There are 2 protein chains.
Amino acid sequence: MCKLHLEYIAACLENYEDTIIYKLLDRAQFKQNISAYSAMANDFKESKTVSLFDNRLRLQEEIDSKFGRFLDPAEKPFTKNLPPSQRQASHPSAYSFPKIDCRINFTYKIKHRYLKSIKILSKPGDDWHYGSSVELDVYALQAISRRVHFGAIYIAESKYQKKPDYYRNLILANDSDLIMSSLTRKDKEDEIITRVCKKLSTVQSLINTRVRNLISTDIIVHFYENIIIPITKEGEVSYLLKKKAQLLRHK
Amino acid sequence: MCKLHLEYIAACLENYEDTIIYKLLDRAQFKQNISAYSAMANDFKESKTVSLFDNRLRLQEEIDSKFGRFLDPAEKPFTKNLPPSQRQASHPSAYSFPKIDCRINFTYKIKHRYLKSIKILSKPGDDWHYGSSVELDVYALQAISRRVHFGAIYIAESKYQKKPDYYRNLILANDSDLIMSSLTRKDKEDEIITRVCKKLSTVQSLINTRVRNLISTDIIVHFYENIIIPITKEGEVSYLLKKKAQLLRHK
């Protein structure tokens with residue numbers, strides 16, 4: 001099966017949902033703990049200039065980078081100046097998808113909206129579990145970012161390859177509005193929302209509520225409607241517009 | 001509710017199952033990749049004396065240690081000589097459970113049995129996704145280890161507090177066999193096995209199998225019957241026997 005077939009990409013995106021749902025649910029077990037996101041309130045001795053959360057994000061990405069995570073085109077780092085991969089030349093078969101030139105990076109926007117959404121995800125207040133909270137934030141952000149960038153790159157490339165002439169004209173005309181509307185499938189978005197709500201309900205039906213908080217499906221809908229779906233679409237538009245220089249060279 | 005109530009502890013252990021199931025399922029998406037566990041085959045430039053897996057485990061635990069993970073009595077490191085916590089004095093309320101003196105550490109045994117079980121969990125062969133494989137191994141091991149040590153410490157302490165005279169005599173007599181049999185509840189073990197199988201089936205019913213492997217319930221049963229349940233019980237016995245010196249002082 002062609003890896004750039006839209007249905008195959010959609011199936012991959014569908015499977016990323018599970019990790020996103022689990023990590024958000026894990027984070028929701030802890031209170032908002034807003035001090036963990038403030039450089040002023042940071043109690044981490046190693047670096048006090050940024051928040052505990054930013055320290056965790058950088059240190060986790062430093063490891064991930066050494067192990068080659070960012071060699072995968074769908075993995076984009078949140079932090080700058082990371083160490084290079086310490087792995088020797090990776091085997092070409094380690095990449096399941098065609099190598100694609102994709103200089104888009106929407107991590108800044110993802111992080112900004114995610115951090116604002118913690119007040120929707122978690123109960124107000126402080127339970128002093130800052131270490132666990134920021135650890136889970138980083139895993140949730142990585143799962144969301146992977147889903148967004150994978151979707152943006154491969155959905156856009158797949159649609160482009162299906163109708164190259166159509167998209168070439170829009171790209172050369174810089175018509176981001178028409179690109180956006182041509183990429184938007186409201187019925188597919190509704191399908192995703194319905195499915196993630198069903199998944200959350202199924203997952204939560206397994207939980208022993210004596211020791212664990214449940215979250216409402218509205219919260220998952222919020223993350224999909226305000227972060228995941230719109231930023232994926234912005235990423236698709238951005239990915240396509242970056243083809244312009246190349247198209248002009250081959251004109 | 002008393003945190004050392006056996007039913008409360010069991011509910012916590014039940015909720016740890018979800019992460020264990022998910023992480024094993026994630027790891028099973030990749031082949032065995034045995035080179036990732038061999039120091040000889042290691043392609044990680046930073047340290048070539050141990051395997052890629054051991055490099056990942058150490059680097060991850062170094063971060064976790066800096067963020068205070070091992071200040072929690074139920075979190076035990078797999079690696080030695082970790083950096084101390086970089087957090088300033090943690091708030092006492094950050095610990096949900098009573099502070100307990102517990103010098104047991106069964107990580108060596110957990111790791112050994114886990115690594116042997118990869119040949120049951122994953123398909124034979126090599127897909128060159130070594131970085132992802134060892135990343136998921138570390139998360140799975142941390143989830144298993146937390147479940148084992150949490151269970152060992154708090155179940156044992158809870159049972160001890162319920163029948164202190166009975167256990168005191170067994171501890172002073174070093175009667176590990178009788179302690180083990182008094183801690184064993186076959187009906188409870190069967191209940192756990194039935195529940196994790198049901199959870200795995202429910203979780204897998206949500207998966208789009210076009211792009212994702214399913215695993216058989218036998219695999220989860222293997223991990224519970226050969227790693228999680230027996231090492232938790234050994235940990236309980238070990239935890240109780242370590243009370244001996246203290247009991248002798250107060251005799």
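Note that the structure is predicted; figures quoted are calculated from it, not measured. In what follows, chains carry the letters A, B, and so on, assigned in the order in which the sequence lines appear, proteins first and then strands, with residues in each chain numbered from 1.
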Exercise. Roughly how far, to the nearest 0.5 Å, is the OH atom of B/Tyr22 from the NZ atom of A/Lys23?
Worked result: 11.0 Å

Exercise. Under 4.0 Å between a Lys/Arg side-chain N and an Asp/Glu carboxylate O for B/Arg210 and A/Glu7?
Worked result: yes

Exercise. Are any side-chain N or O atoms of A/Asn15 and backbone N or O atoms of B/Asn208, one a donor and one an acceptor, separated by less than 3.5 Å?
Worked result: yes

For this session: Examine B/Phe67 together with A/Phe44 and report whether their ring centres are nearer than 6.0 Å.
Result: yes

For this session: Enter the distance from B/Asp26:CG to A/Thr19:OG1 here, rounded to the nearest 0.5 Å.
Result: 5.5 Å

Seminar exercise, completed: Listed by number, the residues in residues 193-206 of chain A that come under 4.5 Å of chain B (heavy atom to heavy atom) are A/Lys199, A/Thr202, A/Val203, A/Leu206

Exercise. Considering heavy atoms only, which positions within residues 52-66 of chain A lie below 4.5 Å of chain B?
Worked result: A/Leu52, A/Asn55, A/Arg56, A/Leu59, A/Gln60, A/Ile63, A/Asp64, A/Lys66

Problem set entry | Heavy atoms from other residues, nucleotides or ligands near CD1 of B/Ile34 exceed 12 (cutoff 6.0 Å) | no

Problem set entry | A/Ser35: side-chain hydrogen bond (donor to acceptor under 3.5 Å, both in side chains) partners, not counting sequence neighbours | none

Seminar exercise, completed: In this structure, CG of A/Asp72 is separated from NE2 of B/His129 (nearest 0.5 Å) by 8.5 Å

Exercise. Can you name the residues of residues 131-141 of chain B that have some heavy atom under 4.5 Å away from a heavy atom in chain A?
Worked result: B/Gly131, B/Val134, B/Glu135, B/Tyr139

